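Below is one structure, written out as structure tokens; the observations come after it.
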Amino acid sequence: MGLQDKIAHYKEFKQGVSHCTFNPEGPGVVRIHLIPPKFRLFGNSAYIVILNGYYLLPIGRSWALLLSFFMKEVNRYDGKPIGEAQEAQILKNTVGRMHGAYPFVTRDTLREDLYEMLDVLFAVAHGEGGELDLEKLSIRAYAKHMTAPHRVDLMVSAMTDEAGGWKCNQKCTFCYAAGQARSGARELDTGEWKAVIDKLIASNVPMLTFTGGEPTLREDIDLLIAHAKACVTRLNTNGILLTRELVAKLKAAGLDSVQITLYSHDATVHNALVGATRFEDTVQGIRNAVEGGLDVSVNTPLCKKNADYERTLAFIRSLGVRFVTASGLICTGMASTAHKAYDLTQGELIDIITAAKHTCDDADMEIDFTSPGLLPRKVLEDLGMNVPMCGAALSNMAVAPDGEVIPCQSWLAASAGLGNILVTDFKKIWKHKRCTALRGMTECEALECPFRKGASD
């Protein structure tokens with residue numbers, strides 16, 4: 001690639017992340033974020049496409065430019081239906097702009113390249129990319145080209161209010177947020193959180209997760225999600241307040257997916273672990289979210305009290321949910337001591353997850369295990385499951401209730417702060433020595449959660 005071509009790329013991508021949404025009302029919504037690498041005059045770096053906030057795909061410079069031109073043409077019709085005439089105009093304009101950048105390539109070839117690229121992207125976004133010959137991406141190998149994490153968790157609800165009361169409608173035994181120094185910090189108001197969202201979008205963050213505490217305790221949660229329209233948006237909740245009315249507001253705000261925590265199919269077990277008699281409310285919240293057309297997943301933190309996970313999976317499937325995640329216990333907050341009495345052994349976890357994977361395969365469900373270091377890599381690979389790694393200050397970061405940026409949402413100790421995003425430039429936060437050290441971990445080191453290693457103090 002010549003110098004003139006590189007300058008053309010710089011001009012096209014100097015605004016940072018490009019975003020486009022196809023078929024926003026579903027089914028089959030596709031959210032595309034195209035993330036350019038750090039600009040370097042010499043040397044070639046892959047661009048990253050993030051599909052539906054989940055799939056990461058490296059693409060070369062020519063495809064990146066072609067995709068950028070295409071998304072800009074599509075975005076001219078934002079909020080408007082696109083018919084055959086509009087599709088033809090989008091195609092003509094995209095090929096015309098690309099031909100201007102690559103004048104020695106025929107328009108027919110560029111048109112074929114566009115069709116091929118879109119076929120690949122849509123297949124991957126719909127989870128149908130298994131047969132494609134795609135390059136495997138190691139995010140740690142790509143870290144030096146990144147300028148921001150791919151996801152930031154917004155802890156919009158604190159665990160305690162100013163009077164010291166519990167600002168959550170549950171008292172979970174293993175809550176990682178409760179009992180930490182920053183968990184009782186003042187919550188930012190609506191305007192401040194919107195300013196945070198604006199700063200993160202400007203810093204090239206493509207996905208935002210709204211969490212807490214319990215984020216649905218905020219009356220403005222739908223307004224904050226709507227303000228983050230340029231991002232893939234997710235909500236982590238206990239589901240208690242997911243009434244039909246709130247679900248409709250979240251759907252209208254453009255929420256991409258909601259994750260609801262359910263500990264067990266057994267009301268007694270679930271209520272004991274969440275410290276409240278709210279099982280029926282959570283189950284109804286799941287039903288409301290499914291019936292309201294939200295993309296729903298259910299997470300279950302596993303311990304000795306709810307080890308009959310297969311029955312819980314059957315119950316979850318009966319509610320109309322196909323996507324589930326399971327985790328171990330995060331050894332911080334309320335769980336810093338409680339986990340010792342409830343932890344499963346590695347052998348017990350292997351048996352539970354192995355049986356769960358077979359159950360999910362038979363029930364047309366998809367399952368992920370999300371806790372780094374608790375299961376051997378080979379066990380997960382043999383089951384055909386993703387291998388979780390610590391993504392702190394790399395693939396994900398978090399903003400605490402007071403606006404302080406922290407390496408991940410579990411890392412709420414007072415010493416973990418990297419700077420308040422409302423007053424500190426995000427570039428400075430990204431280059432903080434703690435962030436640099438976390439990104440410097442090898443893949444082997446990242447296979448274990450820092451809290452399990454005692455390195456998070």
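The shown structure was predicted, so the numbers you read here are calculated from the model rather than taken from an experiment.
In this structure a side-chain-to-backbone donor-acceptor pair under 3.5 Å is missing from D368 to T325. Judged by distance alone, the side chain of N306 and the main-chain N or O of C303 form a donor-acceptor pair under 3.5 Å.
Under the side chain to side chain contact (heavy atoms under 4.5 Å, CB included) rule, R111 has a single partner from D113, T109, D108, which is D108.
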TODO: Starting from the C-alpha separation in whole Å, work towards a yes-or-no answer on salt bridge (Lys or Arg N to Asp or Glu O under 4.0 Å) for D256 and R31.
DONE: CA-CA 9 Å; D256 286 289; R31 302 286 299 273; 2.5 Å; yes
- [ ] Begin with the C-alpha distance, continue with both residues' side-chain angles, and end with the deciding distance and a verdict on side-chain hydrogen bond (donor to acceptor under 3.5 Å, both in side chains) for T282 and N238.
- [x] CA-CA 6 Å; T282 291; N238 57 37; 5.1 Å; no
- [ ] Evaluate the salt bridge (Lys or Arg N to Asp or Glu O under 4.0 Å) criterion for residues K428 and D425: first the C-alpha distance (whole Å), next the side-chain angles of each, then the deciding distance (0.1 Å), finally the verdict.
- [x] CA-CA 5 Å; K428 183 176 181 180; D425 186 80; over 6 Å; no
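Salt-bridge formation is detected for the pair R377/E381: a Lys NZ or Arg NE/NH1/NH2 atom is positioned less than 4.0 Å from an Asp or Glu carboxylate oxygen. Electrostatic pairing of R151 and D153 counts as a salt bridge here, judged by a charged N lying under 4.0 Å from a carboxylate O.
Residue pairs meeting the salt bridge (charged side-chain N to carboxylate O under 4.0 Å, His left out) criterion with at least one member in residues 192-201, sequence neighbours excluded: R186-E192.
Residues that satisfy the salt bridge (Lys or Arg N to Asp or Glu O under 4.0 Å) test with E116, not counting sequence neighbours, are absent from this structure.
In plain terms, the two heavy atoms of L438 and A392 that are nearest each other are CB-O, 3.6 Å. Shown here for I429 and G419, the closest heavy-atom pair between the two residues is CD1-O, 3.7 Å. Scanning all heavy atoms of the two residues, the minimum distance from F426 to P149 falls at CZ-CD, 3.7 Å.
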